[in-house]
Amino acid sequence: MKIPFSPPYINEDIINEVADSLRSGWITTGPKVKALEAEIKKYSGAQEVLCVNSWTSGAIMMLRWLGIQEGDEVIVPAYTYSATALAVYHAGGTPVMVDTTEDFNISVEGIRKAITSKTKAILPVDIAGFPCDYDEIMELVNSSEVKGLFKASSPVQEKLGRILVLNDAAHSLGATYTDGIKTGSETDVAVFSLHAVKNVTTAEGGAICLNMPAPFDNEALYGELRQMSLNCQTKDAFSKSKAGGWRYDITGFGMKINMADVNAAIGLAQMRIYPELLRERKRVFNVYNDAFSTEGWASVPPAVVKGKESSYHLYALRIKGISEEQRDLIIDEIAKTGVAVNVHFIPMPMLTFFKEKGFKIEDYPQAYNNFKCEISLPIYPQLTQEELDYIIKAVKDAYNTVVK
Ligand SMILES: *Cc1c(COP(=O)(O)O)cnc(C)c1O
């Protein structure tokens, strides 16, 4: 049996929505993007939502909006997809990496220790879709001790008066926080990824959620950022295409990262059925949990803890007490059965670019411990019980072959 790791969810309604955009005569940013923004806003509870062409470009733009300059520090976890830290470099800042905890997410204690007078933002990542401890993180940045250290170096930072919390919510659309609050609404800014492998996709895309505290006006900010995502041009292509609407101005130094309607159409049709898709992901997650939680050698990932609930984006299985080499051998054994698995994530300090920047994996022992024994199993709505039984057997057999 061949089981892919993460095929996109495409049905006739999704194809029809894309065809509708193609037939409408308008394929770039327009009504479908607006409709997708409205869906994500309603679903997540965010105050405003702006769609762009990727998580990465959205995060870079938000850090540029914050006024990140050379020497400014942005705290990120060592254990994440590299885009989290690369966005900081692109914006001109310096990423400061913090170790993770047992639950894969950034250590709040680690954040506290890493904060300096140069810290301008924190980018916690909801790894696998399991939310970080935002009550603690928001409390930390609002504490008088941390606020006292803060030095604003831009008008936006001046207005905020503290460290910005930007949630890398690439995995966590649909996750819930305490009291049913959804990811996307609990931090100043949260960015979802709508890349092809994510829970909801537009092939490539990102959604920026805005919940800036007073005196920021999120609606006005949405307008400002929308323009910034379109080269800071005063008229978008849609308004310019109307008769007599040719004159425009460039009001600042923006980026060109808007989402196209053909892309938005995919996500729009997926968002309409997302509660069902999420239930199916949860079904898969629980089948794995039932199969592995009774095995003494397996450690199952967190999903429902202290009022938080995952978006079931990844199933990050860990195998107790094995070495990196054994993990790799287990993956080779599983691959022989036709099942595609993955590893999330190679900690950034193990990758060449970051090593050359001076990061060392020895400084992030928990990130390494999570990585060395981790295997991500396929998790998506289309998986049948027969396929799940096959995957579970493949994993157990591989463990027995390599370790026992
Ligand atoms: C996928 C991912 C990103 C990048 O998303 P893009 O939309 O591809 O730019 C960022 N952070 C994490 C944790 C991711 O998994």
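Just so you know, ligand 1 is whichever comes first in the structure, and atom 1 is the first atom listed for that ligand.
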Exercise for the section: Identify, for atom 15 (O) of ligand 1, the protein heavy atom at the shortest distance, and state residue, atom and that distance. Expected result: H171 NE2, 2.6 Å
Handout entry: A87 to ligand 1, any heavy atom closer than 4.0 Å
Key = no
Exercise for the section: Consider every N or O of D168 and every N or O of ligand 1, then say whether any pair is closer than 3.5 Å. Expected result: yes
Problem - Ligand-residue contact atoms, ligand 1 with T80, heavy atoms, under 4.0 Å - result: 13 (C)
Fill in the blank from the handout: One finds that the ligand 1 atoms under 4.0 Å from a non-hydrogen atom of A83 are 4 (C), 10 (C)
Problem - Electrostatic pair E276:R279 at N-O distance under 4.0 angstrom - result: no
Exercise for the section: Classify the ring geometry between Y399 and W297 as parallel (under 30°), tilted (30 to 60°) or perpendicular (over 60°). Expected result: parallel
Problem - Atoms in ligand 1 with a heavy atom of S193 nearer than 4.0 Å - result: 5 (O), 6 (P), 7 (O)
Exercise for the section: Report yes if the distance between the aromatic ring centroids of F192 and Y43 is under 6.0 Å, otherwise no. Expected result: no
Handout entry: Contact check: W55 vs ligand 1, nitrogen or oxygen atoms, below 3.5 angstrom
Key = yes
Problem - Cationic N near anionic O, under 4.0 Å, D103 to K306 - result: no
Handout entry: Salt bridge present between R226 and D236 (N-O < 4.0 angstrom)
Key = yes
Practice task
Pick one of side chain, backbone, both or neither for how T56 approaches ligand 1, counting any non-hydrogen atom pair under 4.0 Å.
Solution key: both
Handout entry: Donor + acceptor pair across side chains of S153, K120 (<3.5 Å)
Key = yes
Exercise for the section: Hey, can you tell me if H313 and H171 have their rings parallel, tilted or perpendicular (30° and 60° cut-offs)? Expected result: tilted
Problem - From H313, H344, K198 - option closest to atom 14 (C) of ligand 1 by heavy atom - result: K198
Practice task
Taking only Lys NZ, Arg NE, NH1 and NH2, and the carboxylate oxygens of Asp or Glu, determine whether E136 and R112 approach each other closer than 4.0 Å.
Solution key: no
Practice task
Would you kindly check if the NZ (Lys) or CZ (Arg) of K41 is within the cone defined by 45 degrees around the ring axis of Y222 and under 6.0 Å from the six-membered ring centre?
Solution key: no
Problem - E204-ligand 1 polar pair, N/O distance under 3.5 Å - result: no
Exercise for the section: Report, in ascending order of atom number, the atoms of ligand 1 lying under 4.0 Å from any heavy atom of V125. Expected result: 13 (C)
Exercise for the section: Would you mind checking which non-hydrogen protein atom is closest to atom 12 (C) of ligand 1, with the distance to 0.1 Å? Expected result: A170 CB, 3.4 Å
Fill in the blank from the handout: So the atoms of ligand 1 within less than 4.0 Å of a heavy atom of S54 turn out to be 7 (O), 9 (O)
Problem - Contact atoms of ligand 1, heavy-atom distance to G205 under 4.0 Å - result: 7 (O)
